[in-house]
Protein chains: 2
Amino acid sequence: MSRRILKYAILGLLSKEDMSGYDITSEFKKAIGQFWSAKHSQIYVELKKLLDEDSISQYIEMAGVKLEKKMYSLTTKGKEELQNWLLELDENVETEKDIFALRLYFLKDIPAEEIPALFNNQLKLRTEKLAFLKEQFSFYFGVEKNPLNLDAEELGHYFVLSKAISREENYICWLNKSLEIIKNKNADNSLR
Amino acid sequence: MSRRILKYAILGLLSKEDMSGYDITSEFKKAIGQFWSAKHSQIYVELKKLLDEDSISQYIEMAGVKLEKKMYSLTTKGKEELQNWLLELDENVETEKDIFALRLYFLKDIPAEEIPALFNNQLKLRTEKLAFLKEQFSFYFGVEKNPLNLDAEELGHYFVLSKAISREENYICWLNKSLEIIKNKNADNSLR
DNA sequence: TAGGCCATGTAAAAAGTTACATGATTAC
DNA sequence: GTAATCATGTAACTTTTTACATGGCCTA
């Protein structure tokens, strides 16, 4: 958890178009939510902070008769900060936390007959996520398959979706391979 | 983050053998650190809490003449808590945060000539990590390749290492594919 | 008119990082 | 003797989650 990643995630989203806190919250439920996310409570606080620091500016848009949407835009300062952050080189790979893998490390304390259920649950979750991602992908890039024909904005989206898909496919593949090993082991033991 | 994952990570490590806070800190620099980690400052605080809650017990081991190592063991309560946690089914896939992918989503704000450097840096980091993981793998499983011959404890380790390796290989593969796209795009543009 | 979504916030608590602090042991 | 590593802790701060809280809009 390092130096204000949420700040830059928000600046990045606002560099595409002006958004409200609610819009930003929604974005984290789509493609980019595969690699960073935050709850609305954190986002509203961060927006206030960014406003204070003059990285963003605010204006009101009416949504209906009474409902005020607070829209945010990047300021010059915000644009510069984003630019600089985008060019930073990471110095090390951060731990990508994964509770299932953590549990599996403690395999010896899981009764053998319970293990397949754990794998199957994970397989279900990951398969659902992959389906969601593929749906998104074909919605945005279904017709135009060749990434060379995409503009820079679409290409960012393309990379992130293709990355998420490849991550989930790889995860599912590893789950299947590992589950096979477990099944063979269980079969072995019942022969004895 | 969520429901005391560090607690269970520590209980899990202690179920293999008694350890000190320092030992636990070291473990997070090895295989399991690929999927969960914590700093010593957090670990010592959590150990005190677990001791208060009677999930673990403490004894002193002398390391040298003056140096006292505080060793921790699971209590019956701790063992039960670990058991129950290991059988819990995750209800959703948590965001696996990845700053590089986040940056890449904002690609349109990165000057085209800077992009390859960003990819190459990531490629370097991931390649180094993969080398480290493969070293670990061959150290522990080099001779005995067949996972069917491993006992439950080794198998947990095997799964976690094989998962980390497959994750990094997949990441590198995606980086290379994406970098190719970027190069082709840059070449295209300079032709115009 | 009711339920789901749009929309924005605050407060408290938990989790995690960074910095400060200290001292022993080991191997060269 | 000195540097790396072993060993343990606290304090301040940042980040993230959970819960509380409110009200408008839209569609069936």
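In what follows, chains carry the letters A, B, and so on, assigned in the order in which the sequence lines appear, proteins first and then strands, with residues in each chain numbered from 1.
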Original post:
Who pairs with B/Asp18 by salt bridge (Lys or Arg N to Asp or Glu O under 4.0 Å), at least two apart in sequence or on another chain?
Top reply: none
Original post:
Does A/Lys30 have any side-chain hydrogen bond (donor to acceptor under 3.5 Å, both in side chains) partners at least two apart in sequence or in another chain, and if so, which?
Top reply: A/Glu27
Which atom pairs, one a donor and one an acceptor, fall under 3.5 Å between side chains of residues 126-134 of chain B and the rest of the protein, sequence neighbours left out?
{"from": "B/Arg126", "atom 1": "NE", "to": "B/Gln122", "atom 2": "OE1", "distance (Å)": "3.2"}
{"from": "B/Arg126", "atom 1": "NH1", "to": "A/Glu96", "atom 2": "OE2", "distance (Å)": "3.1"}
{"from": "B/Arg126", "atom 1": "NH1", "to": "B/Glu168", "atom 2": "OE1", "distance (Å)": "3.1"}
{"from": "B/Arg126", "atom 1": "NH1", "to": "B/Glu168", "atom 2": "OE2", "distance (Å)": "3.2"}
{"from": "B/Arg126", "atom 1": "NH2", "to": "A/Glu96", "atom 2": "OE2", "distance (Å)": "3.1"}
{"from": "B/Thr127", "atom 1": "OG1", "to": "B/Leu123", "atom 2": "O", "distance (Å)": "2.5"}
{"from": "B/Lys129", "atom 1": "NZ", "to": "B/Gln34", "atom 2": "OE1", "distance (Å)": "3.0"}
{"from": "B/Lys134", "atom 1": "NZ", "to": "B/Glu169", "atom 2": "OE2", "distance (Å)": "3.2"}

Original post:
Do B/Glu94 and A/Lys97 come within less than 4.5 Å of each other through their side chains, counting heavy atoms only?
Top reply: no
**OP:** Of all the heavy-atom pairs spanning B/Val160 and A/Ala101, show the shortest one and how long it is.
**Re:** CG2-O, 3.5 Å
**OP:** Let me know, please, whether A/Lys49 or A/Val65 comes out on the 5' side of the other along DNA chain D by nearest nucleotide.
**Re:** A/Lys49
Original post:
So, is B/Lys97 close to the D/dT16 phosphate, meaning a side-chain N or O under 4.0 Å from OP1 or OP2?
Top reply: yes
Original post:
Reckon A/Tyr22 has a side-chain N or O less than 4.0 Å from the OP1 or OP2 of C/dT8?
Top reply: no
Subject >> N-O pairing of B/Asp109 and A/Lys79 below 4.0 Å >> reply: no
Check the interface with nucleotides 9-11 of chain D: list each N/O to N/O pair with the protein under 3.5 Å, or write none.
{"from": "D/dG9", "atom 1": "OP1", "to": "B/Lys70", "atom 2": "NZ", "distance (Å)": "2.1"}
{"from": "D/dG9", "atom 1": "N7", "to": "B/His40", "atom 2": "NE2", "distance (Å)": "3.4"}
{"from": "D/dG9", "atom 1": "O6", "to": "B/His40", "atom 2": "NE2", "distance (Å)": "2.8"}
{"from": "D/dT10", "atom 1": "OP1", "to": "B/Lys48", "atom 2": "NZ", "distance (Å)": "3.3"}

Original post:
Which residue, B/Ser26 or A/Lys39, contacts DNA chain D at a nucleotide closer to its 5' end, judged by nearest heavy atom?
Top reply: B/Ser26
Protein-nucleic acid N or O pairs under 3.5 Å, nucleotides 26-28 of chain C:
none

**OP:** Answer yes if the ring centres of A/Phe35 and B/Tyr105 are under 6.0 angstrom apart, and no otherwise.
**Re:** no
Original post:
Hey, what bend do you get for the helix from C/dT1-D/dA28 to C/dC28-D/dG1 if you fit axes on five pairs at each end, rounded to 10°?
Top reply: 40°
